[in-house]
Amino acid sequence: MKYIIGIGGVTNGGKTTLTNKLIKTLPNCCVVHQDDFFKKPDQIEVGEDGFKQWDVITSLDMEAMTNTVKGWVENPVKFARSHGVSLSPPSDESNPDEQIHILIVEGFLLYNYEPLLGVFNKSYYITIPYEECKLRRSTRQYTVPDPPGLFDGHVWPMYLKHRKAMEECGLNIEYLDGVKSKEEIYNQVYEDIQNNLLNRL
């Protein structure tokens with residue numbers, strides 16, 4: 001059985017933290033990080049807002065990302081092995097088709113790319129308020145540092161724009177409150193996933 005979980009949300013909302021906790025506790029779990037598909041800095045255009053357009057879908061090689069997800073769908077065992085994920089051995093009496101394989105797809109623009117929308121069995125989206133987001137963003141060290149004014153001039157407006165588009169895409173998305181403790185968010189999602197998996201067995 002294959003099960004794909006989307007963990008989307010605002011920048012610095014806690015997506016990676018949640019993903020990393022889930023990987024450790026879910027069986028046969030692989031992950032695809034959207035951040036791994038950013039194009040090179042010299043391929044990122046400067047927008048009308050005067051900033052390099054990092055927070056838009058064209059800054060990412062979404063085709064490559066979609067192909068990576070498809071690669072997992074085609075053969076989760078092979079994918080796991082090639083990504084160094086250790087798989088739990090199937091019990092003797094179990095049918096290999098009944099073994100659960102989980103893929104977490106994590107990123108800030110997960111639900112804004114049409115070809116990916118159909119793959120998710122469960123879609124989560126972490127939100128945090130403007131002030132909290134700005135504060136967290138200001139303490140993060142990025143490979144390409146944020147130029148002054150980027151958050152208010154580009155990051156936040158793009159977040160609002162993409163969130164609105166996402167809400168119109170018709171996906172059944174479960175919103176998570178990113179201000180809650182990491183433990184609370186993790187427990188909520190972990191229990192939800194377990195219940196979903198049991199219902200599918």
Non-neighbouring partners of Arg81 that pass side chain to side chain donor-acceptor pair (under 3.5 Å), sequence neighbours left out: none
Minimum-distance pair of heavy atoms, taken over all atoms of Val32 and Thr68: CG2-CG2, 3.9 Å
Can you list every pair that meets salt bridge (charged side-chain N to carboxylate O under 4.0 Å, His left out) and has a residue in residues 52-68, with sequence neighbours left out? none
Do Phe37 and Thr66 come close enough that some side-chain heavy atom pair is under 4.5 Å? no
Establish, yes or no, whether a centroid distance under 6.0 Å links the rings of Tyr130 and Phe151. yes
Same cluster (ILVMFWY, side-chain, under 4.5 Å), Ile173 and Ile128: yes
Sort and list the pairs that fulfil side chain to side chain donor-acceptor pair (under 3.5 Å) and have at least one residue in residues 12-23, not counting sequence neighbours. Asn12-Arg140, Asn12-Tyr142, Thr16-Glu106, Lys21-Glu183
Closest non-hydrogen atom pair, Leu176 against Val189: CD1-CG2, 3.6 Å
Does the Gln34 side chain pair with the main chain of Leu109, one donor and one acceptor, at a distance under 3.5 Å? yes
Under 3.5 Å, is there a donor-acceptor pair between the side chain of Gln99 and the main chain of Ser88? yes
Those residues that, when tested against Tyr186, pass ring-ring contact (aromatic ring centres under 6.0 Å, His included) (two or more places apart): Tyr190
Close side-chain approach of Met65 to Leu60, heavy-atom, < 4.5 Å: no
Contacts of type ring-ring contact (aromatic ring centres under 6.0 Å, His included), residue Tyr111, not counting sequence neighbours: Phe120
Results of salt bridge (Lys or Arg N to Asp or Glu O under 4.0 Å) for Lys164 - residues two or more places apart only: Glu168
Evaluation steps, side chain to side chain contact (heavy atoms under 4.5 Å, CB included), between Val69 and Asn67: CA-CA 5 Å; Val69 172; Asn67 288 337; over 6 Å; no
What closest approach, in Å, do Leu26 and Gln194 show between heavy atoms, and which atom pair accounts for it? CD2-NE2, 4.4 Å
Shortest non-hydrogen pair, Phe38 vs Trp54, comes out as CE2-O, 3.4 Å
My understanding is that only residues two or more places apart in sequence, or in another chain, count here; which of them pass ring-ring contact (aromatic ring centres under 6.0 Å, His included) with Tyr175? Tyr125
Side-chain heavy-atom pair Leu197, Ile102 within 4.5 angstrom cut-off: yes
Taking CG in Asn199 as the centre, count heavy atoms belonging to other residues, nucleotides or ligands within less than 6.0 Å. Is the count above 12? yes
Could you list the residues that satisfy side chain to side chain contact (heavy atoms under 4.5 Å, CB included) with Leu87, not counting sequence neighbours? Asn28, Val77, Ala80, His101
Heavy-atom closest pair, residues Ile4 and Val73: CD1-CG2, 3.8 Å
Tell me every residue that passes side chain to side chain contact (heavy atoms under 4.5 Å, CB included) with Lys40, counting only those two or more places apart in sequence or in another chain. Asp42, Gln43
Atom of Ile126, atom of Gly13 and distance for their closest heavy-atom approach: CG2-O, 3.3 Å
Can you list every pair that meets side chain to side chain donor-acceptor pair (under 3.5 Å) and has a residue in residues 115-124, with sequence neighbours left out? Lys122-Glu174, Lys122-Asp192, Tyr124-Asp192
Residues Asp49 and His154: side-chain donor-acceptor under 3.5 angstrom: yes
State which residues pass salt bridge (Lys or Arg N to Asp or Glu O under 4.0 Å) with Asp35; sequence neighbours excluded, sorted by chain then number. none
Decide if atom NZ of Lys161 counts as having more than 12 heavy atoms of other residues, nucleotides or ligands within a radius under 6.0 Å. no
Can you measure from OG (Ser59) to NZ (Lys39) and round to the nearest 0.5 angstrom? 7.5 Å
Is there side-chain contact between Leu22 and Ile7, with heavy atoms separated by less than 4.5 Å? yes
Could you work out, with ring-ring contact (aromatic ring centres under 6.0 Å, His included) as the rule, every residue matching His83, not counting sequence neighbours? Phe79
